[in-house]
Amino acid sequence: MQRIVSGMRSTGRLHLGHYLGVIKNWVDLQNNNECYYFVADWHALTTKYDDTKNLRQDVVDVVIDWLASGIDPKKSTIYVQSLIPEIAELNIYLSMITPQNWVERDPTLKDMAKILRTKEANNSQISYGLMGYPVLMSADIMMLNADAIPVGIDQVAHIEITRDIVRRFNNIYKTDFFKEPKALLNNCSLICGLDGNKMSKSYNNDIKISDSDEITAKKIMTAITDRSRIRRDDPGHPEDCEVAFKYWKVFGNEEQVNIVKSECVNGQRGCADCKRQLAQLVNSCLKDIREKRKYYEAHLDEVHEIIQEGSNKTRIEAKKILTQVKNIIGMY
Ligand code: TRP
Ligand code: SF4
């Protein structure tokens, strides 16, 4: 049995990139592992400290999307980062031993900084807290002395820093207390956004788990297809169909994909019809999840209870580990 820890920032309602890229993997892992999944609301604050009106709702929305997607609170522990103050304390100890240039060269952070600078927001400054992003992530992971971290590819650089911090802690304090956690990547191909870029809320190219069938269909109709195609009976090129055909490959079975391909190549399939059909398929794949989501939206008490219970349980474990860490360092 491996101990699995992973989190997501509380960005509000999640999209299919989150579902296919990360959550599905979490769901698979929960049967044979001890899984802890948390909402990283402090990490959300690293960039949204001046825009906190939806912070609480964002946490709830993320948890509802997880539950709807099949994260089972009987198998996995669900918690909220800011309900575990021990993480903040561990973060202090880790920040003492982390060389400044380790966080400065973090490539993911450099990207985030670039995005921040292009925004015309008044928070384009990179805060001290944002610089500490990978250290806080390390505290999340080390707080439970995790074996493995299932994340999307964009988080791997962060996990590398965590491994470095683990080694450094163990070296400095002559211990083997912390395990070097490994990143677990899933093998499913990442779904792109409707415009062909990475799917992201901030690019406005996403399909949310919680979108209605109608909204989903409307969005899919905007998906990019084979740009060289003008008339309905022009032969198409599925491999150049930048978004729609890729979605078919993600959601359709082999037979469906083959039909689309041959009809497209032979000019027997118009892109509008093709996307209408695709929308139906996507909606049918999401049907159960969306129904479950409605259930939890109508039973918010249950959601809050799951969060509280999971956080209480996590805190007990975190306190144990923190006591040991303080002893190892030699605190009063
Ligand atoms: N940085 C992650 C993200 O943006 C969220 C996160 C915070 C996390 N702490 C973590 C993921 C610890 C894995 C382990 O999605
Ligand atoms: Fe893409 Fe379908 Fe149009 Fe072919 S028919 S180019 S697969 S949207």
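A quick note: this is a predicted structure, and the numbers were derived from the prediction, not measured. Both ligands and their constituent atoms are indexed starting at 1 by order of listing.
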Any N/O/S atom from Cys271 (main chain or side chain) under 2.8 Å of atom 1 (Fe) of ligand 2? no
State the SG-CE distance between Cys274 and Met221, to the nearest 0.5 angstrom. 9.5 Å
Considering only protein heavy atoms, which is closest to atom 4 (Fe) of ligand 2, and at what distance to one decimal place? Cys264 SG, 2.3 Å
Among all the protein's non-hydrogen atoms, which is closest to atom 5 (S) of ligand 2, and how far away is it? Arg229 NH1, 3.2 Å
Please step through salt bridge (charged side-chain N to carboxylate O under 4.0 Å, His left out) for the pair Lys48 and Asp50, ending with a clear verdict. CA-CA 5 Å; Lys48 287 187 61 166; Asp50 62 347; over 6 Å; no
Roughly how far, to the nearest 0.5 Å, is NZ of Lys24 from CG of Asn186? 9.0 Å
Stacked cation flag Lys313 on Tyr36, 6.0 angstrom / 45 deg: yes
Where does Thr225 meet ligand 2, judged by heavy-atom distances below 4.0 Å: at the side chain, the backbone, both, or neither? side chain
Will you find, in the side chains of Asp195 and Asn205, an N or O donor that is under 3.5 Å from an N or O acceptor? yes
If we set the cut-off at 4.0 Å for heavy atoms, which region of Glu263 has an atom near ligand 2: side chain, backbone, both, or neither? neither
N, O or S of Cys274 under 2.8 Å from atom 2 (Fe) of ligand 2: yes
Below a 4.0 angstrom heavy-atom separation, can you tell me which part of Leu136, side chain or backbone, both or neither, approaches ligand 1? neither
Using the side chain to side chain donor-acceptor pair (under 3.5 Å) rule, take Arg167 and Thr162 through it: C-alpha gap first, then chi angles, then the decisive distance, then the call. CA-CA 9 Å; Arg167 275 196 298 272; Thr162 301; over 6 Å; no
Tell me which protein heavy atom sits closest to atom 5 (C) of ligand 1, plus the residue, atom name and distance to 0.1 Å. Gly7 O, 3.5 Å
Note: heavy atom closest to atom 9 (N) of ligand 1, options Thr11, Asp140, Thr162, Val151, belongs to Asp140
